[in-house]
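All values reported here derive from a predicted model rather than from experimental measurement. Proteins get letters first, then strands, A, B, ... in listed order; numbering begins at 1 in each.
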Number of protein chains: 2
Amino acid sequence: MSLSCHLPNVMAEMCPSRRILNHVTSRWGMLILIALQDGTQRFSALRRRIGGVSERMLALSLQQLERDGLVHRRAFDVVPPHVEYTLTPLGTEAAARVRALAEWVEDNLSRLPPEALAG
Amino acid sequence: MSLSCHLPNVMAEMCPSRRILNHVTSRWGMLILIALQDGTQRFSALRRRIGGVSERMLALSLQQLERDGLVHRRAFDVVPPHVEYTLTPLGTEAAARVRALAEWVEDNLSRLPPEALAG
DNA sequence: CTCCTAGCTAACATGAATGTAGGTACTTCC
DNA sequence: GGAAGTACCTACATTCATGTTAGCTAGGAG
């Protein structure tokens, strides 16, 4: 089994693609990407839209996605603060795939065995 | 913000789709689904193929996917044990989406900012 | 007789992800 | 005057995911 990877390969233990894949599929990262598909949104709009996310986790997840070049942050120097988040071109591509997966889950929930929804 | 959900919606905090989405996008769950796209495979074949997975996590993740109806487990009562894992029709559909995402990450790693790969 | 394989399970240990509570610096609304 | 909104950050606590080690079955290889 290959540890490192010359060509990116998620099956390789040390391949950086793994880290990125985990960011993109993180609990809140996925939902942020999906929410931003509708266009630029402010921090608190995202917070209201993504049910159950804490301020802290929203901030952390947004920073992660920004570092990965998937989300663009634009801050206006006013009081009260005004910050807008937008998908980058790269983020738009990723979001489409994430959304396809999420939508599949939503659309096929009823086909899943009952025990899948418990525990 | 809606806590429960009549229609499945990943933005709703208590919607079961969230749980399933997290299973499917779990660190090892994703890689299992992708690996099984090539067809039926035995436990230890998966273990060798998926770099860095421990026996325990492979077993746990497979059980999770089995409960969710995405993977089918077929055990032969022989010694040494012989167990085969296969994608169900549902699992095949999910795997395609997961793979699309993983492949996108692999193919676009080089477009990501350098700081995305560090940390 | 011992080690090796297969495919697990249980007990225990760690680490990463996530949550909670509080503070910040102002403004507007009541 | 007091509360709420805005977009955070920090310290601390907890929970969950994951890892580590050991053990189990029974046969074949050495």
Side-chain angles (χ1 to χ4, degrees), chain A residues 1 3 10 13-14 18-33 35-36 40-68 71-86 118-119, chain B residues 1 3 10 13-14 18-33 35-36 40-68 71-86 118-119:
Chain A
M1 66 209 83
L3 292 178
V10 289
E13 184 169 5
M14 296 304 174
R18 284 234 182 134
R19 179 196 319 286
I20 306 300
L21 191 56
N22 288 148
H23 293 175
V24 166
T25 60
S26 70
R27 179 167 183 192
W28 304 116
M30 285 192 288
L31 300 180
I32 291 171
L33 290 175
L36 286 179
T40 298
Q41 271 163 86
R42 297 181 60 172
F43 185 88
S44 45
L46 285 170
R47 174 140 162 66
R48 277 185 295 266
R49 173 135 180 219
I50 301 174
V53 71
S54 63
E55 285 196 356
R56 172 179 149 76
M57 284 315 297
L58 182 55
L60 284 180
S61 303
L62 281 167
Q63 285 164 15
Q64 183 99 271
L65 293 174
E66 198 193 350
R67 244 180 292 128
D68 291 349
V71 163
H72 178 245
R73 177 180 187 272
R74 187 176 173 203
F76 301 85
D77 194 9
V78 292
V79 169
H82 182 115
V83 181
E84 294 179 347
Y85 292 93
T86 316
Chain B
M1 67 209 80
L3 291 178
V10 289
E13 184 169 6
M14 296 305 176
R18 284 237 182 131
R19 181 198 317 289
I20 306 300
L21 191 56
N22 288 148
H23 293 174
V24 166
T25 60
S26 71
R27 178 166 183 191
W28 304 117
M30 285 191 289
L31 301 179
I32 291 172
L33 290 174
L36 286 179
T40 298
Q41 272 165 86
R42 298 182 59 173
F43 184 89
S44 45
L46 285 170
R47 175 143 162 65
R48 278 185 292 267
R49 173 134 180 221
I50 301 174
V53 71
S54 64
E55 286 195 355
R56 172 178 149 75
M57 283 316 297
L58 182 55
L60 283 180
S61 304
L62 281 167
Q63 284 164 14
Q64 183 99 272
L65 294 174
E66 198 193 351
R67 245 179 292 128
D68 291 349
V71 162
H72 180 246
R73 177 180 186 273
R74 189 177 174 200
F76 301 85
D77 194 9
V78 292
V79 170
H82 182 115
V83 181
E84 294 179 348
Y85 291 93
T86 316

Those residues of residues 72-82 of chain B lying under 4.0 Å from DNA chain D by at least one heavy atom: Val79(B)
Sugar-phosphate, base or nothing in reach of Gln64(A), heavy atoms under 4.0 Å: nothing
Sugar-phosphate only, base, or nothing, as touched by Gln63(A) at under 4.0 Å among non-hydrogen atoms: sugar-phosphate
Short side-chain N/O contact from Arg47(B) to OP1 or OP2 of dG7(C), under 4.0 Å: no
Separation between CZ of Arg48(A) and CZ of Phe43(A), rounded to the nearest 0.5 Å: 11.0 Å
Nucleotide-resolved protein contact map, nucleotides 16-22 of chain C, B/S/- at heavy-atom distance under 4.0 Å: --BBB--
Side-chain contact test, heavy atoms from C-beta onward, threshold under 4.5 Å: evaluate it for [X] versus [Y] and give yes or no.
| X | Y | answer |
| --- | --- | --- |
| Arg73(A) | Leu62(A) | no |
| Glu13(A) | Val53(B) | no |
| Leu36(A) | Tyr85(A) | yes |
| Gln41(B) | Glu84(B) | no |
| His23(A) | Ser26(A) | no |
| Arg42(B) | Val83(B) | no |
| Leu33(A) | Val24(A) | yes |

Short side-chain donor-acceptor distance under 3.5 Å, Thr86(A) and Thr40(A): yes
Step-by-step side chain to side chain contact (heavy atoms under 4.5 Å, CB included) determination, Leu21(B) to Arg27(A): CA-CA 9 Å; Leu21(B) 191 56; Arg27(A) 179 167 183 192; over 6 Å; no
Whole angstrom value for the distance that separates P of dG7(C) from CD of Glu66(B): 14 Å
Terminal contacting nucleotides, 5' and 3', DNA chain D versus chain A (heavy atom, 4.0 Å): dG5(D) to dA11(D)
